[in-house]
Amino acid sequence: MDAFQITDLNLWYSGNQHALKGVDMNIPEHEVTALIGPSGCGKSTFLRTLNRMQDLIEGVRIEGEVLFKGQDVYAPKTDVNELRKRVGMVFQKANPFPMSIYDNVAYGPRIHGTHAKRDLDDIVEESLKGAALWDEVKDRLNKGALGLSGGQQQRLCIARALAVKPEVLLLDESTSALDPISTEQIEQLVGTLKTRYTVVMVTHNMQQAVRVSDNAAFFLLGELVEFDRTDALFNSPRDQRTLDYVSGRFG
Ligand SMILES: Nc1ncnc2c1ncn2[C@@H]1O[C@H](COP(=O)(O)OP(=O)(O)OP(=O)(O)O)[C@@H](O)[C@H]1O
């Protein structure tokens, strides 16, 4: 079963910059899909089309079709808040809110109407456990989130995303600002998350893609050059440009 079916997706930024060119891709459910390619090739742009984060940028024009579980993401009747609840996002730089650890995680559920303390306590615990952070913070839930380390802050952002019970997690280079130990913790976490969620991640790090992803998509200049199982894409790519990139013979 596919979480997303993308057909002939094109995106232009203002000034007519054609950032995605006729992308076709089916993203399987409950697997990790990595988006790779050189800087500026459109990885983040593509990721953000999946939960309509690009709507926030003025002058963006999108053509083509993105289906999420069969529903047209860009249909006028689509409820964008509901879509972003189902398709959560974690950014490159951890961005906890300047409030307690507890309130960071409870923020989304409160907005979506959960206010009973018992319910919120359960969600906070479950989400922090899901993000492999619970043991480190359970005794300081009311302390400020900004006092956490960078790696803990990023796992808190993952917990915050999990708290609204999404079906998909989009990770945009979520480890690129982290030290190797925190990076490894998040990579392990991603491996466990896929039992419950579909994960789509942008990474600059090809070894990371090999370690954690089931499928990999190689982008170049806005074009999807190749999409395959990760081991096939790295070990027996069909396109010469993919081979050049994965073997490091490329810009
Ligand atoms: N808000 C924007 N307005 C105009 N052009 C943009 C905007 N965001 C991205 N672009 C351009 O679109 C192209 C694709 O950018 P994108 O950030 O998606 O690439 P990327 O592969 O994620 O790059 P990186 O790995 O450096 O983050 C680039 O040429 C970029 O300059």
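Remember, it's 1-based here, ligands and their atoms both numbered in the order they're listed.
- Ring geometry, Y245 versus F218: the interplanar angle falls under 30°, so the pair is classed parallel (tilted spans 30 to 60°).
- Closest heavy-atom approach to atom 15 (O) of ligand 1 among the candidates L56, L11, V202, T45: T45.
- Between R86 and E167 there is a salt bridge, since a side-chain N of the basic residue sits under 4.0 Å from a carboxylate O of the acidic one.
- The protein non-hydrogen atom at the shortest distance from atom 25 (O) of ligand 1 is K43 NZ, 2.8 Å.
- Listed by atom number, the atoms of ligand 1 under 4.0 Å from E173 heavy atoms are 25 (O), 27 (O).
- Atom 26 (O) of ligand 1 has as its closest protein heavy atom S39 OG, 2.5 Å.
- What sits closest to atom 11 (C) of ligand 1 on the protein, heavy atoms only, is Q17 NE2, 3.6 Å.
- The ligand atoms of ligand 1 that sit less than 4.0 angstrom from a heavy atom of C41 are 19 (O), 20 (P), 21 (O).
- Under 3.5 Å, the side chains of Q154 and S182 contain no donor-acceptor pair of N or O atoms.
- Using a 4.0 Å cut-off between charged side-chain N and carboxylate O, R229 and D231 make no salt bridge.
- Counting heavy atoms from C-beta outward, L224 and F46 have side chains that stay 4.5 Å or more apart.
- By the 4.0 Å N-to-carboxylate-O rule, E29 lies close enough to K69 to be salt-bridged with it.
- Among protein heavy atoms, atom 10 (N) of ligand 1 sits closest to Y13 CE1, 3.3 Å.
- Taking a 4.0 Å cut-off on heavy atoms, G40 registers as neighbouring ligand 1.
- Hydrophobic clustering, with ILVMFWY side chains joined whenever heavy atoms are under 4.5 angstrom apart, keeps Y197 apart from L50.
- Considering backbone and side-chain atoms alike, F46 places every N or O at 3.5 Å or more from each N or O of ligand 1.
- Taking a cut-off of under 4.0 Å to the non-hydrogen atoms of A19, the atoms of ligand 1 that pass are 12 (O).
- Near P38, meaning under 4.0 Å from one of its heavy atoms, ligand 1 places the atoms 21 (O).
- From the protein, the heavy atom lying nearest to atom 19 (O) of ligand 1 is G42 N, 3.1 Å.
- A salt bridge does not link D122 to R118: none of the charged nitrogens lies less than 4.0 Å from a carboxylate oxygen.
- The nearest protein atom to atom 17 (O) of ligand 1, hydrogens excluded, is given as S44 CB, 4.0 Å; this is a heavy-atom distance.
- Residue L169 forms a side chain to side chain contact (heavy atoms under 4.5 Å, CB included) with just one option from V32, L162, V190, and that option is L162.
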